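Quick notes on the structure that follows.
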Amino acid sequence: MMDALKNLNPQQHEAVTSSARQLLVLAGPGSGKTRVLTQRIAFLVNENKVSPHSILAVTFTNKAAREMRTRLERMLGKGVNALWLGTFHAICARILRSEADALPFDNNFVIMDADDQQSIIKRVLKDLNIDDKLYRPASIHNVISNAKNAMQGPDQVKSRTYREEISKRVYEQYEKILRSSNAVDFDDLLMWSVRLFEENPQIREKYGQRFEHVLVDEFQDTNQAQYELLKHLSSVHHCLFVVGDEDQSIYRWRGADYRNVLRFQSDYPKSEKILLERNYRSTQNVLDAAQAVINQNKSRTPKNLYSKRGEGPLISLYDAVDDHAEAAYVVDDIVDRIASGQEGGEFAIMYRTNAQSRLLEEAFLRANIPYRLVGAQRFYGRREVKDIISFLRLVHNTYDSVSLARVINVPPRGVGSKTLLDLDQIAQNNNLTSSDVLLSLGELGQKSPFWDTFSSRSASMLAHFGSLLMNWREFGQSNPLPDLFDRILADIGYKAYIDDGTEMGDGRWENVLELRRLAYEYEERGITEFLENIALVSDQDTVPEENDAPTLLTLHAAKGLEFSHVYIVGLDEGLLPHSRSLEDPEEMAEERRLFYVGITRAKNHLTLVRAGQRSNYGRFEYTMESRFIDDIPEELIKREGVRLGVQRLTPLSHPRWEPSSYERSTPKKETPKESRYQAGMRVTHSTWGSGLVVETRILGNDETVTVMFESVGLKRLAASVARLEIVG
DNA sequence: GTGGCCCCTGTTTTT
DNA sequence: CAGGGGCCAC
């Protein structure tokens with residue numbers, strides 16, 4: 001049985017069999033970390049005779065959890081059922097539901113997603129009469145989320161400035177709405193779990209006692225709350241096995257802190273550290289390019305990744321005229337390769353922002369090639385899908401005020417914003433919730449004490465919806481989820497409402513049917529799990545298992561995956577690295593890690609693509625080649641064709657791309673011009689107006705000028721294209 | 001209360 | 001360019 005151990009390399013073997021109580025495994029990309037994790041669990045069970053019941057394994061995505069479970073089933077058989085294995089959020093939800101008695105919500109709480117959170121914040125801003133232009137919901141959301149990651153309630157948030165005071169007040173109201181809706185948000189799942197353990201030693205003891213071994217995947221992506229949680233869960237046996245890679249930390253903006261890796265080592269001075277540097281995935285050229293990129297980052301554990309898979313092809317770099325040509329090139333290239341015998345599923349196209357998928361999708365449609373698009377948001381974010389989910393949520397938990405507000409007038413039934421406001425007010429005056437009033441009207445009709453507080457028209461409209469809701473609740477008690485689903489659809493005439501016979505309408509109805517299919521899958525498990533899993537799906541979870549078509553996905557969603565041939569598109573300044581990261585070195589470092597994650601997904605071939613012109617929002621803008629391309633040594637790169645470039649000056653008549661006879665060095669060797677601009681100069685640009693030169697350098701045979709514009713902020717420009725005029 | 005039109009703005013990544 | 005919000009007419 002322990003034959004499996006013989007197939008491990010010495011470092012992996014050490015990690016799997018180590019008897020250290022705390023172990024940190026720094027695992028480079030493609031170094032077999034999932035394998036180490038699963039083998040470790042199997043080893044604990046089979047060799048150390050640890051009961052699966054006493055093991056907890058935590059991942060970041062459901063997909064990773066599922067994969068581990070499947071592998072473990074093969075090794076352990078039925079034993080895996082006793083094992084706790086899931087995402088941080090799912091595990092927390094499970095704990096909170098079983099310990100709800102000690103918490104300020106019931107065990108059938110709903111989980112608010114990002115959309116819900118946004119609408120709560122907007123509602124609060126309106127209630128408090130705060131201008132949402134000045135205090136953007138997104139930025140307030142950020143404040144609240146950061147506070148929760150740091151386990152601070154509204155009363156612990158600082159209010160040194162007026163801004164902070166506003167955020168604090170919104171946070172207070174926001175919490176009130178969550179509590180009265182019997183709801184928690186994403187961050188609450190973690191925060192309340194930590195709080196639960198802090199305030200209830202006997203509960204902490206119970207879980208700590210149970211989990212003899214705690215194992216964690218993607219440790220570099222944990223935030224403060226998650227780190228604390230792990231400490232509590234392992235507070236009795238102190239056996240923590242964490243696997244991660246600082247270089248693949250790409251969720252800083254979500255509170256993740258790769259310094260938890262350092263914290264771990266200082267919190268557990270006796271912990272041991274193992275480096276996995278052997279890469280089983282990529283060819284050496286891909287690895288060398290990746291290393292060259294990541295080596296530019298400071299403060300990291302140096303690693304020396306190596307592969308025995310041979311050199312492999314050079315990194316291809318294609319410089320397209322514009323974003324349309326970029327998409328066309330990628331799809332053409334894939335078409336050619338499929339024609340010469342490769343499988344569609346071997347390819348993946350990765351990009352920095354979701355918006356970039358559109359041109360690619362269009363190109364695939366034109367070429368009549370099927371493709372796979374990764375992204376949960378694309379399905380669960382659709383209006384019709386959210387509508388139905390809201391109905392179900394409301395039936396499951398009538399206090400869910402976000403869902404109530406969403407569906408009370410869907411399809412339009414004469415309940416406008418005014419009536420909704422009145423309903424809210426009357427409920428508050430009577431110390432009740434809106435749904436209490438609504439259900440009273442539904443049940444008692446004109447005999448309800450609230451009937452006369454509304455106009456007769458509003459009252460009967462509300463009573464109608466109230467009775468629908470009441471009936472669904474009763475129906476849901478004794479009927480399976482799919483039947484409830486159909487019943488709701490029928491009662492509100494939803495098909496007629498969204499399917500107007502147009503192609504769009506058809507599509508919307510298709511989405512409803514897709515959700516219905518999902519509801520059938522949950523017939524046994526029930527509505528609670530259905531809603532919870534919907535709230536906690538990640539984009540990664542939607543990556544199709546069997547791949548027979550090229551995959552389109554963001555760089556973030558690509559983590560943990562691998563493809564034979566990877567295309568990374570949009571290698572332009574402002575996109576990758578993204579413009580929002582240009583000023584902050586920490587964020588720039590994260591952009592680089594993101595690029596690194598993308599590169600290391602490639603098993604055999606990596607193609608980098610950029611576009612000299614891009615229509616970002618309506619307008620065409622010239623772009624500069626991404627600085628990350630400069631990080632990759634010339635000798636690893638093969639330029640696929642040329643165009644009249646921003647940086648390279650080639651004759652206009654030059655073919656757009658010719659069969660790779662082009663040598664990058666030729667134009668680069670031309671004598672660089674003298675600097676025309678200098679830092680401190682005032683200049684004007686035809687579209688951005690006046691600005692101040694911040695930096696200038698000679699790149700190739702052109703001059704790169706960084707200008708701070710009064711209108712648009714910092715821009716990096718090619719002097720030959722931008723035609724900046726020097727003022728005065 | 002509803003639906004349509006127009007302007008404005010903003011523009012990453014997602015459990 | 002696209003989604004959201006405000007405003008107007010029915």
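It should be emphasised that the depicted structure is a prediction, and the values quoted were computed from it without experimental measurement. Any value given below was found using the heavy atoms of this structure, including those in side chains, with hydrogens, waters and symmetry copies removed. Throughout, protein chains are lettered first and strands after them, A, B, ... in sequence-line order, and every chain is numbered starting at 1.
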By nearest heavy atom, map A:Asn409 and A:Leu594 onto DNA chain B; which one lands nearer the 5' end?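 First, find each residue's nearest nucleotide; the 5'-ward one identifies A:Asn409.
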
Atom-to-atom span, [atom1] of [X] to [atom2] of [N] - whole angstrom:
| X | N | atom1 | atom2 | result |
| --- | --- | --- | --- | --- |
| A:Arg252 | B:dT12 | CZ | C1' | 14 Å |
| A:Lys559 | B:dT12 | NZ | P | 20 Å |
| A:Tyr351 | B:dT14 | OH | P | 9 Å |
| A:His141 | B:dT12 | NE2 | C1' | 15 Å |
| A:Tyr617 | C:dG3 | OH | P | 18 Å |

Nucleotide nearest [X] when distance is taken to its side chain, options [options]:
| X | options | answer |
| --- | --- | --- |
| A:Trp253 | B:dT14, B:dT15, B:dG3 | B:dT14 |
| A:Arg254 | B:dG1, B:dT15, B:dT13 | B:dT15 |
| A:Lys418 | B:dT12, B:dG1, B:dT15 | B:dG1 |
| A:Arg358 | C:dC1, B:dT13, C:dG5 | C:dC1 |
| A:Tyr251 | B:dT2, B:dT14, B:dT12 | B:dT14 |
| A:Thr554 | B:dT2, B:dT12, B:dT13 | B:dT13 |
| A:His89 | B:dT2, B:dT13, B:dT15 | B:dT15 |

Checking A:Arg610 side chain against A:Gly570 main chain: does a donor-acceptor pair fall under 3.5 Å?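 Pair absent, no side-chain N/O of A:Arg610 close to backbone of A:Gly570.
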
Return yes if a side-chain donor-acceptor contact under 3.5 Å exists between [X] and [Y], otherwise no.
| X | Y | result |
| --- | --- | --- |
| A:Gln248 | A:Tyr258 | no |
| A:Asp245 | A:Gln220 | no |
| A:Asn260 | A:Arg263 | yes |

Base, sugar-phosphate alone, or nothing: which one does [X] contact when heavy atoms must sit under 4.0 Å apart?
| X | result |
| --- | --- |
| A:Arg136 | sugar-phosphate |
| A:Phe186 | base |
| A:Thr419 | sugar-phosphate |
| A:Asp187 | nothing |
| A:Lys122 | sugar-phosphate |
| A:Asn354 | sugar-phosphate |
| A:Arg457 | sugar-phosphate |

Ring centres under 6.0 Å, that's the criterion: do A:His556 and A:Tyr251 meet it?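 Centroid separation for A:His556 and A:Tyr251: below 6.0 Å.
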
